[in-house]
Amino acid sequence: MNGDGVNRRSIQWFPGHMAKTLRVMQQEARGVDAVLLLLDARIPHSSLNPELEKIAAAKPRLYVLNKADLADEGLTVRWVRWFCAQGAGCVAISAKQKSGAAAVRRAVDEALAGLMARNAQKGMAGARVRVMVAGIPNVGKSTFINTFAGAARAAAADRPGVTRGRQWIAAGRYDLLDMPGVLWKRFDSLETASNLAFIGSIKDDILDMEELAAGLLEQMRAVYPGRLAARYKLTERQLALPVWELLEAIGRARGMLTRGGGVDAARAAAMLVDEFRASKWGRITLETPPAAEGQGDTGPALPAAGIGAGPDAAQAPETAGRRDGP
């Protein structure tokens with residue numbers, strides 16, 4: 001048990017097609033010019049699959065923080081700076097916006113400037129550039145490709161597992177390889193698994209939604225208590241309730257009752273998770289970079305906004321304007 005009694009049980013989801021996809025990606029990576037690794041700007045660390053990083057290691061690569069319109073602006077700036085400090089290219093976008101695709105085009109051009117110059121010297125100016133687009137399920141790869149290409153070429157939906165096979169898509173002078181979303185065989189931490197479940201990268205069918213909602217409430221109460229209180233009109237006393245009682249209080253306030261007058265916890269849990277995913281709680285980022293900008297930290301990104309250690313504890317200048325107290 002953890003905290004207020006939330007059973008943070010192990011979450012694992014690695015269906016057979018993901019293992020096959022990893023093998024195919026290893027083969028295809030040899031023939032591409034660059035790799036775009038799409039991350040979710042709300043959980044940059046948790047959405048960075050180490051298996052995909054290994055595959056992309058030998059190629060020019062660009063980290064794309066997608067869904068930045070749903071994430072905390074100040075923390076997104078810090079994450080972009082962190083990735084750039086590691087010597088990697090990084091841009092923050094919303095894949096649904098054409099301006100985001102244009103930013104990635106510029107970044108890809110810059111990353112591949114050397115290749116393009118060599119092609120020009122060989123009389124191959126304008127040669128097509130092959131780019132693999134990779135990421136976890138439900139990170140927005142297909143939406144990004146459609147925006148980048150200017151047409152609906154890849155199947156896209158707001159749920160994991162829609163893309164099931166590789167497909168090449170022409171987009172101007174680029175050939176984009178759309179690959180299915182891939183998780184890793186075993187998550188490095190329970191926080192990583194929970195964060196992926198929060199944003200919908202793990203199929204809801206295998207999750208206990210009440211436990212997921214309780215864990216989300218724990219996380220939000222520690223990191224953005226003001227957002228939580230404002231959204232559900234919670235008093236300071238209610239906000240301090242044990243998490244299961246807090247879930248019931250929110251369900252009761254929303255009128256989610258059974259015939260006997262009890263709270264329908266399943267409905268309340270589904271509502272909470274749905275509203276978080278729809279960004280009805282405001283722009284939220286659940287992780288912070290592991291070190292202050294400019295310090296040259298080369299260690300792995302670690303979730304610093306876990307339970308009991310939210311961004312409010314030590315705000316950087318970019319986030320100093322946020323007021324999340326209840």
Side-chain angles (χ1 to χ4, degrees), residues 6 8-15 17-18 21 37-49 52 64-72 76 92-96 100 133-147 154-164 178-184 187-220 223-224 227-228 231 247 266-287 303 305-306:
V6 179
R8 305 292 295 279
R9 69 183 68 184
S10 175
I11 299 173
Q12 298 296 333
W13 184 51
F14 191 76
H17 77 271
M18 290 189 184
T21 296
L37 289 173
L38 263 67
L39 311 179
D40 191 302
R42 296 168 294 179
I43 53 167
H45 165 71
S46 293
S47 58
L48 179 54
N49 185 342
L52 300 184
V64 180
L65 302 184
N66 190 27
K67 304 187 181 182
D69 56 319
L70 307 181
D72 184 304
T76 297
I93 68 165
S94 169
K96 297 179 180 179
V133 182
I136 62 171
N138 204 34
V139 78
K141 296 182 303 300
S142 296
T143 299
F144 164 75
I145 287 175
N146 290 337
T147 302
D158 190 21
R159 64 180 187 277
V162 173
T163 303
R164 299 302 293 268
D178 184 19
M179 296 297 303
V182 181
L183 296 174
W184 40 114
F187 298 120
D188 56 3
S189 72
L190 183 56
E191 284 69 27
T192 293
S194 296
N195 285 340
L196 290 167
F198 293 155
I199 68 167
S201 290
I202 297 174
K203 280 195 172 181
D204 288 344
D205 295 350
I206 72 164
L207 301 171
D208 183 318
M209 295 304 290
E210 291 179 40
E211 285 191 358
L212 186 66
L216 182 58
L217 284 176
E218 270 194 323
Q219 183 89 326
M220 285 296 300
V223 183
Y224 293 93
R227 303 280 184 89
L228 192 61
R231 178 66 187 172
L247 176 61
R267 281 185 62 203
M271 176 272 297
L272 282 166
V273 173
D274 286 347
E275 290 198 350
F276 169 77
R277 292 174 180 171
S279 200
K280 292 185 178 180
W281 297 3
R283 300 178 63 162
I284 288 168
T285 299
L286 296 178
E287 298 172 327

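When reading the values below, keep in mind they use all heavy atoms of this one structure, side chains included, and skip hydrogens, waters and symmetry mates. No experiment lies behind these values; they were computed from the predicted model shown.
- In terms of heavy-atom proximity, Leu212 sits nearest to Ser194 at CD1-O, 4.3 Å.
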Worked check of side-chain contact (heavy atoms from CB on, under 4.5 Å) between Phe198 and Val273
CA-CA 7 Å; Phe198 293 155; Val273 173; over 6 Å; no
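- Atom CD1 of Ile202 sits about 11.0 Å away from atom CG of Asn138, to the nearest 0.5 Å.
- Among all heavy-atom pairs drawn from Asp178 and Lys141, the shortest one is OD1-CB, 4.1 Å.
- Atoms CG and CG, on Asp274 and Asp204 in that order, are 8.0 Å from each other to the nearest 0.5 Å.
- In plain terms, the two heavy atoms of Thr76 and Ala41 that are nearest each other are OG1-CB, 4.3 Å.
- In this structure, CG in Asp40 is found 9.5 Å from CD in Glu287, a value given to the nearest 0.5 Å.
- Side-chain contact check for Asn195 and Ser46: at least one donor-acceptor pair (N or O, by modelled atom type) lies under 3.5 Å.
- Scanning both residues, Pro44 and Leu39, for their nearest heavy atoms gives O-CD1, 3.8 Å.
- The CD atom of Gln219 sits 8.5 Å away from the CZ atom of Phe276 when rounded to the nearest 0.5 Å.
- Rounded to the nearest 0.5 angstrom, Met209 CE and Leu272 CG are separated by 9.5 Å.
- In this structure, Asn66 and Ala95 approach most closely via the heavy-atom pair OD1-N, 2.8 Å.
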